[in-house]
Protein chains: 2
Amino acid sequence: MSLWIGLSLVSASQALAEVKAYRASILHFTGDPARLGEQAYQYFQDGALVIDNGSVRDVGPHSEIAKKFRDAEWVDYSGRLIVPGFVDTHVHYPQTEMIAAYGEQLLQWLNTYTFPTERKYKDYDYARKQSRFFIDQLLRNGTTSALVFGTVHPESVDALFDEASRFNMRLIGGKVMMDRNAPDYLVDTAETSYAESKALIQKWHGKNRLLYAITPRFAPTSTPEQLAAAGRLKAEFPTTYVHTHVSENPSEVEWVKSLFPERSGYFDVYEHYGLAGEHSVFAHGVHLTDSEFDRIAATRSSIAFCPTSNLFLGSGLFKLLPALDKGIRVGMGTDVGAGTSFSMLQTMNEAYKVVQLQGQKLSSLQSFYLATLGGAQALGLDDKIGSFKTGNEADFVVMNWGATPLSKLRNKNSKTLQEKLFVLLTLGDDRNVVETYVAGKRVYRAK
Amino acid sequence: MSLWIGLSLVSASQALAEVKAYRASILHFTGDPARLGEQAYQYFQDGALVIDNGSVRDVGPHSEIAKKFRDAEWVDYSGRLIVPGFVDTHVHYPQTEMIAAYGEQLLQWLNTYTFPTERKYKDYDYARKQSRFFIDQLLRNGTTSALVFGTVHPESVDALFDEASRFNMRLIGGKVMMDRNAPDYLVDTAETSYAESKALIQKWHGKNRLLYAITPRFAPTSTPEQLAAAGRLKAEFPTTYVHTHVSENPSEVEWVKSLFPERSGYFDVYEHYGLAGEHSVFAHGVHLTDSEFDRIAATRSSIAFCPTSNLFLGSGLFKLLPALDKGIRVGMGTDVGAGTSFSMLQTMNEAYKVVQLQGQKLSSLQSFYLATLGGAQALGLDDKIGSFKTGNEADFVVMNWGATPLSKLRNKNSKTLQEKLFVLLTLGDDRNVVETYVAGKRVYRAK
C-alpha cells in the first residue's frame, strides 16, 4: 500500500508539475500599439503566466492568478520582465561564422565573403555543429522562432532541423535555390532544386513545430525556370512558406531590371512566378516603390525589416511606418551575418534610428510588438506564437530590466512602462536575457 | 643591520616598481592609415609596453623589450590587446542619467529632457555623485580622456574636476554659457558667464592634467554679447579650449540663420566671435556646407563626429571621409546622453554604418586611429596622449579580443589584424575592456 501511495503521489505531482506558473512583470500584445493604442497590449506589473503542458493557459495579475492556480508549481521571477519569445523573421544561419565581414555592399559582399563560407555546409556534420552554435545564439538572445536561410545544400537544412528538434522550436527554414550568377560549387538547377526542396518539404514541413520555406536566394541568382519551379512547389504545397530577398540595394534593383526586362519591377518578378502571398516573406524591401508596396499589401505578403543589416551594408533606410500604414505585415529580422547582432534589443535600437533618420518616431511599445506578435503575424503564426493568448505555444523570455550599471540607473529613474522599455531596447543586449523557454521548457539560462 | 637591509630592499623594490612592463599584443598609431598606409601604425603581436613613472618609456616586440628591461616589474597580458586609452571628443556628463530619452530630434529633445535634467547640477554634491558615475562609465569602456560638457553651473565643473583628479585623468571640461532661449532656471548672462568661466579657468586650467574648455552651448542659446565675451576669454587665455556644437540638425541650422542673419552661415558665427582655431572643437557638423568645411580646415578647428547620437536624434550622416580629405582633424565622440553608448567600440560600429550609408568605407585601422590618436590630434594633445610615443602619458586599455561566444568564434576565424579589429569594433562593447590604466595606474578592472 505504501508503494501504491508513493506511485500515486509521484503521478499526482507529475500532473501538477505540468501546470507551472511564473510570477513577474508580464507584457504581451494583441495588436499594433500605433493602431490600437492601449488596447494593443496587456501589462501586468505584478503578473503571472500559467503554462500547462507547453501551452499558455492563463495570464493576468498575480493576485488573481494566484487564487486560480494555487496548486501549480510556482516560479518567482518578481522584478523581472516576461515577454513572448522574440521572432526573427530573417536570418542566415550559415553566415553566423562570418558576421562582421568588412567593407562591402551587398553584391560584392556576397561574392567576397558569403559564397565561400556557404560552401562548407554541404557537410552535414559541419552544418550540424554550426546549427548548434546558431540556435544557442538565438536562445541566449531570447529569440524562440526564426525564419532561416540554409545554403543550397539539403544537408544544411537537415542539420538545422535536427538541431531545432532537440528544443522543439517553432522554426521555419529552407534550402537555397540558386542556379545562376553564383560560383559553380554553389549552384543547383531548376530540376534538382525542385526535387530537393520537395523532398525536404515532405520530410520536415509540419514535423513537430518545424515548417518549410521555399527559398530562392533572390531573383538574380535564379533563372526564370527555377522561379517557375519554385512557384510550382508553392502551388503543390500551399501551406509552405516562401522566403527570399527583395530590393535591398540599388545596384541589385538595377540588376534585376536588366535580368527581367519584361517585368514591371523587382517584386513583380516574384509575383509573376506565383511566389507572393500570405506565407511569403520578403527581406529588406528598402528600395520598393510606392506601387510595389501596394502590390505587397494586395498580395498579403510580408516584409522582414533588418535595420542592423541595412545600415551595415549601407543598403538604405526602410520606410517602416509607410509600409505599416499600407497594412503590410512587417517583422523584425536580424539578418545575421549582414546584420551585426543576434539581439532583438539591438535590432530595435537601430530600427529606432532608421525611423528617426526619416523624421518619424518608433515607440518602444511598437518595437516590442514588432519583435514579438508583429513577427508572428508576418509569419502567419499569430495563432500559435508571439503573444500569451490562451492555447498559444509557450515560448517566452525572462529578462532583467538592467544588466549594466548604466542601464540599471536609467531603468530606476524611468517613470513609465514606455520609458522602461525604451531604455531596455536602447541600452540592452544579450545580457538582459536571463532565461529562455521554448514550448514550456527552459532551454537557456544565463550563467 | 637586518633592519637596514630590510629598508634598503623596500626602497630598491619601490624604485624598480616604477618601471613596469606589460606583455600583450600592442597596437598604436603614428598617423592616419588612410594617408600613411602601413607607416601609420605599429603592431606587435607579441609585444611589450614599458611604463616608467606614469610615462611611456618604450614599446616594441617582447623579445627585444624583455632584454632591455629585465629588471622591470612584468605583467603578463599575453593573448590580450593593449591600445592607447580611447579619447572621447564630445560628451555631456550631466546627460548620463538621461541617456536613451525617447522620441525627439535635437531642439525638442533639449527642451523635453535635457534642460530639466541639467537643472540638478547646481548642487555640488549631486554633481559630484553623478561625476563619479560618469567617470566610472568612461573607465569601464576604456576611455581615458574626454572633452566634457558640464551644465551652466560652476559647481558642475568643480565636481567633475574634483572627481577626475582622483584618477589624475587628462580631462577637458567647462561650464556651459547660455543666456537665451533656455529656461530661466538655466541661464546665465554675458557678464556672469564671463566671470564664472574665468574663475574656473584660473582654478583648473593646467592643474595636474586638467584643462578648461570655454563652452557656449551653441549659437542659438547665446546672445551676440555672450559670444563676444567667450571670444574675449579665449583671447585672454589662448591655451584654453573652445567646445560647442555646430550644424547638427536642419532646424537648428535654420534657426541660427534667423538669429544671426548678418553672418554667412552657422560656423561663421563662431569664427566671427573669435571662437574658431586650433583648440576649438565643434561637435557634429552634419550639415556643414563645403565652404564651411573649408573654413574649419583653414582655421585649424576640429570636429567631433558622434555617430550614435547623429542616428539616435535623426540628425543625419556626417561626411567623415570628405572632412578628413580636407585635412580637418576629426575625433570620435559618444555624445552621451544623445549618443546611445559610452563604448568607443559601439561608436566605431555605428561610424562604419554612417560611412557605408554614404557608399564609402571606414577601415578598422582608421577607426581605431580616430578613437585614439585621431582624437588626441583633434584636441591638440597628440604630444601627450593617444599613442605610445616615448614620453607620452601612460593611458592605456587592456582588451580581450572576444567577450561572447560569438565574438570569440569570429575572432578565432579572423586571419588579419584588420579583420580582428573589425570584428572587435562590430561585435564589441564594455565587456571587451579588461583593465584600464590612467597615468600608469590601473583604475579599472572588470569583475
Side-chain angles (χ1 to χ4, degrees), chain A residues 96-105 117 130 133 136-137 140 250 308 310-317 336-337 340-342 346 349-350 352-364 404-407 409-410 412-414 416 418-419 421-431, chain B residues 96-105 117 130 133 136-137 140 250 308 310-317 336-337 340-342 346 349-350 352-364 404-407 409-410 412-414 416 418-419 421-431:
Chain A
T96 304
E97 59 178 283
M98 49 155 283
I99 192 172
Y102 169 73
E104 305 297 347
Q105 293 216 351
T117 301
Q130 300 307 110
F133 188 87
D136 180 64
Q137 291 301 307
R140 74 168 50 237
T308 76
N310 295 163
L311 297 180
F312 183 73
L313 293 184
S315 303
L317 309 177
V336 168
T340 53
S341 174
F342 275 101
Q346 293 201 12
N349 171 327
E350 296 200 0
Y352 178 81
K353 291 170 176 172
V354 166
V355 173
Q356 276 282 97
L357 282 170
Q358 300 172 72
Q360 299 187 302
K361 298 183 195 187
L362 180 62
S363 79
S364 59
T404 64
L406 183 61
S407 59
L409 169 79
R410 194 57 185 86
K412 205 173 145 195
N413 71 19
S414 295
T416 63
Q418 284 84 335
E419 193 179 357
L421 292 173
F422 191 64
V423 167
L424 180 57
L425 76 87
T426 304
L427 303 181
D429 56 35
D430 52 311
R431 284 173 283 191
Chain B
T96 304
E97 61 178 280
M98 49 155 285
I99 192 172
Y102 170 73
E104 303 298 346
Q105 294 215 352
T117 301
Q130 299 308 109
F133 188 87
D136 180 65
Q137 291 302 307
R140 73 168 51 237
T308 76
N310 295 163
L311 297 180
F312 182 74
L313 294 184
S315 302
L317 309 176
V336 167
T340 52
S341 174
F342 275 100
Q346 293 201 13
N349 171 329
E350 296 200 1
Y352 178 82
K353 291 169 176 173
V354 166
V355 173
Q356 276 283 97
L357 282 170
Q358 299 172 72
Q360 299 187 302
K361 298 182 194 187
L362 180 61
S363 79
S364 58
T404 64
L406 183 62
S407 58
L409 170 79
R410 195 55 186 85
K412 207 173 143 194
N413 71 20
S414 295
T416 63
Q418 283 82 338
E419 194 179 356
L421 292 172
F422 191 64
V423 167
L424 180 57
L425 76 85
T426 306
L427 303 181
D429 56 35
D430 52 311
R431 284 174 282 189

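These numbers were taken from a predicted model, which means no experiment stands behind them. Per chain, numbering begins at 1; letters A, B, ... match sequence-line order.
- Heavy-atom distances place the side chain of B:Leu427, and not its backbone, under 4.5 Å from chain A.
- For chain B, no part of A:Ser414 is nearby; none of its heavy atoms comes within less than 4.5 Å.
- Using a 4.5 Å heavy-atom threshold, the side chains of B:Asn413 and A:Met98 count as separate.
- By the salt bridge (charged side-chain N to carboxylate O under 4.0 Å, His left out) test, B:Arg431 is found to be paired with A:Asp429, A:Asp430, B:Asp429, residues two or more places apart in sequence or in another chain being considered.
- Checked by atom type and distance alone, the side chain of A:Tyr352 never pairs as donor or acceptor with a backbone atom of B:Leu311 at under 3.5 Å.
- When each of A:Gln358, A:Glu419, A:Glu104 is checked for heavy-atom pairs under 4.5 Å with chain B, A:Glu104 comes out on top.
- Both the backbone and the side chain of B:Thr340 come within less than 4.5 Å of a heavy atom of chain A.
- Of the listed residues B:Thr404, B:Val355, B:Leu313, B:Val354, the one with more heavy-atom pairs under 4.5 angstrom with chain A than any other is B:Leu313.
- Among A:Leu425, A:Leu317, A:Leu357, A:Thr426, the residue making the largest number of heavy-atom pairs under 4.5 Å with chain B is A:Leu357.
- Between the CZ atom of B:Arg410 and the CG atom of B:Leu406 there is a distance of 9.0 Å, given to the nearest 0.5 Å.
- Not a single donor-acceptor pair under 3.5 Å links the side chain of B:Gln137 to the backbone N or O of A:Pro405.
- For B:Leu409, the part sitting under 4.5 Å from any heavy atom of chain A is the side chain, from C-beta outward, and nothing else.
- Judged purely by atom type and a 3.5 angstrom limit, A:Gln356 uses its side chain to pair as donor or acceptor with the backbone of B:Phe312.
- Both the backbone and the side chain of A:Glu97 come within less than 4.5 Å of a heavy atom in chain B.
- Heavy-atom distances place no part of B:Ser407 under 4.5 Å from chain A, backbone and side chain included.
- In this structure, B:Tyr102 and A:Phe422 have perpendicular ring planes: the angle between them is above 60°, well past the 30° mark.
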